[in-house]
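Both backbone and side-chain heavy atoms feed into the values below; hydrogens, waters and symmetry mates do not.
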Protein chains: 2
Amino acid sequence: MQSSLIDHINKFIELTDADIGLINSAVVVKSIKKKTFLLQPDHICHEIYFVSKGCLRLYFINKKLNEQITQFAIENWWITDYHSLENNVPSNYYIQAVENSEVVCINKNKLDDLFEKVPRLERYFRIVQQRAFSAAQKRIEYIYSFTDEERYRHFRSLFPGFIQRIPQYMLASYLGFTPQFMSKIRAKKI
Amino acid sequence: MQSSLIDHINKFIELTDADIGLINSAVVVKSIKKKTFLLQPDHICHEIYFVSKGCLRLYFINKKLNEQITQFAIENWWITDYHSLENNVPSNYYIQAVENSEVVCINKNKLDDLFEKVPRLERYFRIVQQRAFSAAQKRIEYIYSFTDEERYRHFRSLFPGFIQRIPQYMLASYLGFTPQFMSKIRAKKI
DNA sequence: CGAATTTCTTAATCTTGATTCATTTTTTGA
DNA sequence: TCAAAAAATGAATCAAGATTAAGAAATTCG
């Protein structure tokens, strides 16, 4: 039984059985219950996470003491705090399971070793990072193109399935407005 | 005389003379005058640009017919529309020189060939993309943490030199507010 | 140099979405 | 199964920043 991470990597590069062995021995697969934290503020982030099942969120507490979600990760997405990971500085973020989930964890040092042993993985992660950056570029475009209400309708039309999976207040947080405002626009006909 | 792109790559990976030759034969260095466009809407973006001198901006025209700048690139930064580049679809964006500039242009197909010939370049671009994504994560954090006025003051304290180089209205556009509001907050004492 | 263009400023009014506070509905888990 | 916690809603007031409409100042370049 192939892990879903290996399946995902295989979509971008070819792996030998030896490569797969090396990858599998570098990762730890964890089943985590809803609300479990994988990262909390003031801790240095040492791992990147691949979601094989479920949903995680990345958020921080803003000055008004509200949760501000900056990213969700569902099946086949990576999530981590790259700033903390790369600069070895304490994070401001929480990474938390929104649903019971299964994640593939890779420690940063082990990942660096793995790049030495399986150089083709550089290509896989180059492509993954480029897609992530491209998505971030699009997101910034949307933030500056639409009003909050438009962004909600747009998001709902793009990911109709996803909004069923999470509480409305989390979507409001991700979109950058209050649950009250969310209620207001949901109360309007279409 | 080494190009500044080669210098930059050399900070992350080791290149042989043969590698350098291959890279140099894949790129085109252009000197472009202020206001020159490297990309315009409805065109598919086929190149990525490395700024060796000067400053470029990436922007689109929003629904209110105003320019919305989403990115600047100064010396040693890459800039392109990855969405258009990767999916071969027409761009919504302009890429324009803000100052007389020198850019290293790499065609996407030539870059793909180059990855075959110089696989270690995957590593360089993996790191560059990861940094770009990390910067985008931080930017989204700031967008949702601060008011517009706070973001202006924060940006000014982070990049005091840069704000001298560009017209104020471009900074207002990048920060997502109007030139009038920019004037208002600049008129306040400190 | 001097006219044209770009850029910046001021001020009055208006809008989107926040805040506050209260209530209702839904979900969870002992 | 039912009490407690979590999530969603509603309405009144408020604030940050947009809009509109002039003008003033600074650059550019023929």
Side-chain donor-acceptor pair under 3.5 Å between Tyr82(B) and Gln129(B), yes or no?
yes
When you check the side-chain N and O atoms of Asp81(A) and Ser91(A), is any donor under 3.5 Å from an acceptor?
yes
Ring centroid separation [X] to [Y] under 6.0 Å:
{"X": "Phe125(A)", "Y": "Phe115(A)", "result": "yes"}
{"X": "Tyr174(A)", "Y": "Phe155(A)", "result": "yes"}
{"X": "Phe60(A)", "Y": "Tyr144(B)", "result": "no"}

Expressed as a whole number of angstroms, how long is the span from [X]:[atom1] to [N]:[atom2]?
{"X": "Lys184(A)", "N": "dT13(D)", "atom1": "NZ", "atom2": "C1'", "value": "11 Å"}
{"X": "Tyr152(A)", "N": "dT16(C)", "atom1": "OH", "atom2": "P", "value": "18 Å"}
{"X": "Arg186(A)", "N": "dA8(D)", "atom1": "CZ", "atom2": "P", "value": "7 Å"}
{"X": "Met170(B)", "N": "dT7(C)", "atom1": "CE", "atom2": "P", "value": "6 Å"}

Among residues 161-169 of chain A, which contact DNA chain D at a heavy-atom distance under 4.0 Å?
Pro167(A), Gln168(A), Tyr169(A)
Side-chain contact test, heavy atoms from C-beta onward, threshold under 4.5 Å: evaluate it for [X] versus [Y] and give yes or no.
{"X": "Lys30(B)", "Y": "Val28(B)", "answer": "yes"}
{"X": "Ser84(A)", "Y": "Tyr93(A)", "answer": "no"}
{"X": "Gln68(B)", "Y": "Ser173(B)", "answer": "yes"}
{"X": "Glu47(A)", "Y": "Thr80(A)", "answer": "no"}
{"X": "Leu121(A)", "Y": "Ile13(A)", "answer": "yes"}

Heavy-atom protein contacts under 4.0 Å, nucleotides 21-30 of chain C, coded B base, S sugar-phosphate only, - none:
B------S--
Without swapping roles, check the side chain of Gln96(B) against the backbone of Phe37(B) for a donor-acceptor pair under 3.5 Å.
no
Select one nucleotide: of dT10(C), dT19(D), dG17(D), the one nearest the side-chain heavy atoms of Ala187(B).
dT10(C)
Within the structure, does a side-chain N or O atom of Thr178(A) lie under 4.0 Å from either OP1 or OP2 of dA18(C)?
yes
Mind checking Thr147(B) for me? I need base, sugar-phosphate or nothing, with any heavy atom below 4.0 Å counting as a touch.
sugar-phosphate
For DNA chain C, which residues of residues 57-69 of chain A approach it to below 4.0 angstrom with any heavy atom?
Lys64(A)
